[in-house]
Amino acid sequence: MPRLAVIGHPVAHSRSPAMQNAALAALGLGEEWDYEAIDVAPEGFEARVRAMPAEGFAGANVTVPHKLAALALADTASEMAREIGAANTLIFGPSGILAHNTDAGGLIAALPAQPQGQRALVLGAGGAARAAVWALGAAGAGVDIWNRTPARAETVRVEVTERAQDLQVKIEVGTIGVEAREDPAAALDQSGYGLVVNTTAVGLRGEDPFVHLPLRRDGFRPGQVVVDMVYGDSPSSLLNAAAAAGAATVDGIEVLVQQGALSFQLWTDREPPLDVMRVAAYSLGDR
Ligand code: NAP
């Protein structure tokens, strides 16, 4: 039986096993394939992954905090994984470990329209931000990065710009340096962006995005697309405010479904049943 898994630390909350097993079952692969969650700390990650092919694993998703390590240990990597500098999908094949990144493609697939020519604001400078900045920049959006710790935004800007130069990809990325405050006058003009993507962890533990991010609750407008990568059981207050202003919204579960579908296709070479995956991902509580 080919085995699949998501490897993270922690990973018990992941919706990927339910989503991927539902997809396998829908295509009649449920008896043959199985997808599980594996919790492993960073110090044990490489040894765990290297043992997996002999244990019957055909591939794996990799999540926080292992995405950089996953790319580093792979024998070969897709162009997208190398461009982003991180991998979220591994394939164990005859020629070794192959690393992919479906986070970027998943974000683009989740958007209602191609971002080409749009101005995009990416909030955050962690792993999710790196994939988002690359995905949007390479798709032709002009990207501004804001982060609570401005130096990390600058690091992402420099790294993405340098990698784009090496790969001869045209990309336009800058940084924004305003402080997040409740004072609306201190916030930046978010209505100037066609696309706003929250990749920070704000909202994960109930933090108010309009206190922790430089956004105004009443600052969204119709025609904008607002993405919140953070997801829980109910729509985030960020997306509620965006929807109330007439903006289109994309939640983190849709992004998760789209990146999972791309990974599924890589492992099985089958068309992923998106609707089945979506129902499974949304029907789970945040556990
Ligand atoms: P990460 O590398 O740890 O980065 C966390 C980011 O959040 C940093 O930019 C950090 O800013 C910022 N942050 C944390 N607390 C903050 C606060 N109180 N105020 C302002 N900024 C704050 O994490 P990650 O891997 O990028 O993931 C970020 C979020 O995206 C997580 O909630 C994760 O669940 C979600 N995510 C979702 C998907 C999906 O498919 N839907 C995929 C990946 C990630 P500093 O640099 O200042 O610390």
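Atoms within each ligand, like the ligands themselves, are counted from 1 in listed order.
Short contacts between ligand 1 and G252, defined as distances under 4.0 Å to a heavy atom of the residue, involve ligand atoms 39 (C), 40 (O), 41 (N). Distances below 4.0 Å separate heavy atoms of Y231 from the following atoms of ligand 1: 41 (N). Close approach of ligand 1 to G124 is summarised as follows: ligand atoms under 4.0 Å from at least one heavy atom of the residue are 9 (O). When each atom of ligand 1 is checked for a heavy atom of L204 under 4.0 Å away, the hits are 32 (O). Near V230, meaning under 4.0 Å from any of its heavy atoms, are these atoms of ligand 1: 32 (O). Within ligand 1, the atoms closer than 4.0 Å to a non-hydrogen atom of L256 are 40 (O), numbered from 1 in the order shown.
Per-atom contact check: atom 33 (C) of ligand 1 does not touch the protein, criterion being a heavy-atom distance below 4.0 Å.
Contact record, V230 with L204: CG1-N, 3.6 Å, taken as the closest heavy-atom pair. A37 and V11 make their closest contact through CB-CG1, 4.0 Å (heavy atoms, listed as atom of the first residue, atom of the second, distance). Here the closest heavy-atom approach between residue V250 and residue P112 is recorded as CG2-CD, 4.0 Å. Smallest separation of non-hydrogen atoms from P273 and F264: CD-CE2, 4.2 Å.
Between D166 and R82, no side-chain nitrogen of the basic residue sits less than 4.0 Å from a carboxylate oxygen of the acidic one, so the salt-bridge criterion is not met. With salt bridges taken as basic N to acidic carboxylate O contacts below 4.0 Å, none links R130 and D103.
Heavy-atom proximity to atom 18 (N) of ligand 1, evaluated over Q258, H13, R152, H212, is greatest for H212. The closest heavy-atom contact to atom 13 (N) of ligand 1, among the options K67, R205, E254, R148, comes from R148. The nearest non-hydrogen atom to atom 35 (C) of ligand 1, considering only M229, E207, Q259, R15, comes from M229. For atom 20 (C) of ligand 1, the choice among T200, V257, V202, D228 with the nearest heavy atom turns out to be V202.
Cluster annotation: L71 is not connected to V160 through the hydrophobic network of ILVMFWY side chains, with a link wherever side-chain heavy atoms come within less than 4.5 Å. Under the 4.5 Å side-chain contact rule for hydrophobic residues, L111 and V122 share a cluster. The cluster map of Ile, Leu, Val, Met, Phe, Trp and Tyr, joined by side-chain heavy atoms under 4.5 Å apart, puts F92 and Y35 in different clusters.
Taking atom 43 (C) of ligand 1 as the reference point, the nearest protein heavy-atom neighbour is A128 CB, 3.9 Å. For atom 5 (C) of ligand 1, the nearest non-hydrogen atom of the protein is A201 N, 4.4 Å. Taking atom 4 (O) of ligand 1 as the reference point, the nearest protein heavy-atom neighbour is G126 CA, 3.5 Å. Regarding atom 47 (O) of ligand 1, its nearest protein heavy-atom neighbour is T149 OG1, 2.5 Å. With hydrogens left out, the protein atom closest to atom 23 (O) of ligand 1 is G127 N, 4.6 Å, a heavy atom.
When heavy-atom distances to ligand 1 are checked against a 4.0 Å cut-off, N147 comes that close only through its side chain, counted from C-beta outward. Contact annotation: for T199 versus ligand 1, heavy atoms closer than 4.0 Å belong to the backbone alone.
Geometrically, ligand 1 and I253 share no nitrogen or oxygen pair separated by less than 3.5 Å.
Using cut-offs of 30° and 60° for the angle between ring planes, the F220 and F210 rings count as perpendicular.
Under a 4.0 Å heavy-atom criterion, V64 is in contact with ligand 1.
For N61 and S16, the side-chain atoms include no donor-acceptor pair closer than 3.5 Å.
Using a 4.5 Å heavy-atom threshold, the side chains of L239 and D251 count as touching.
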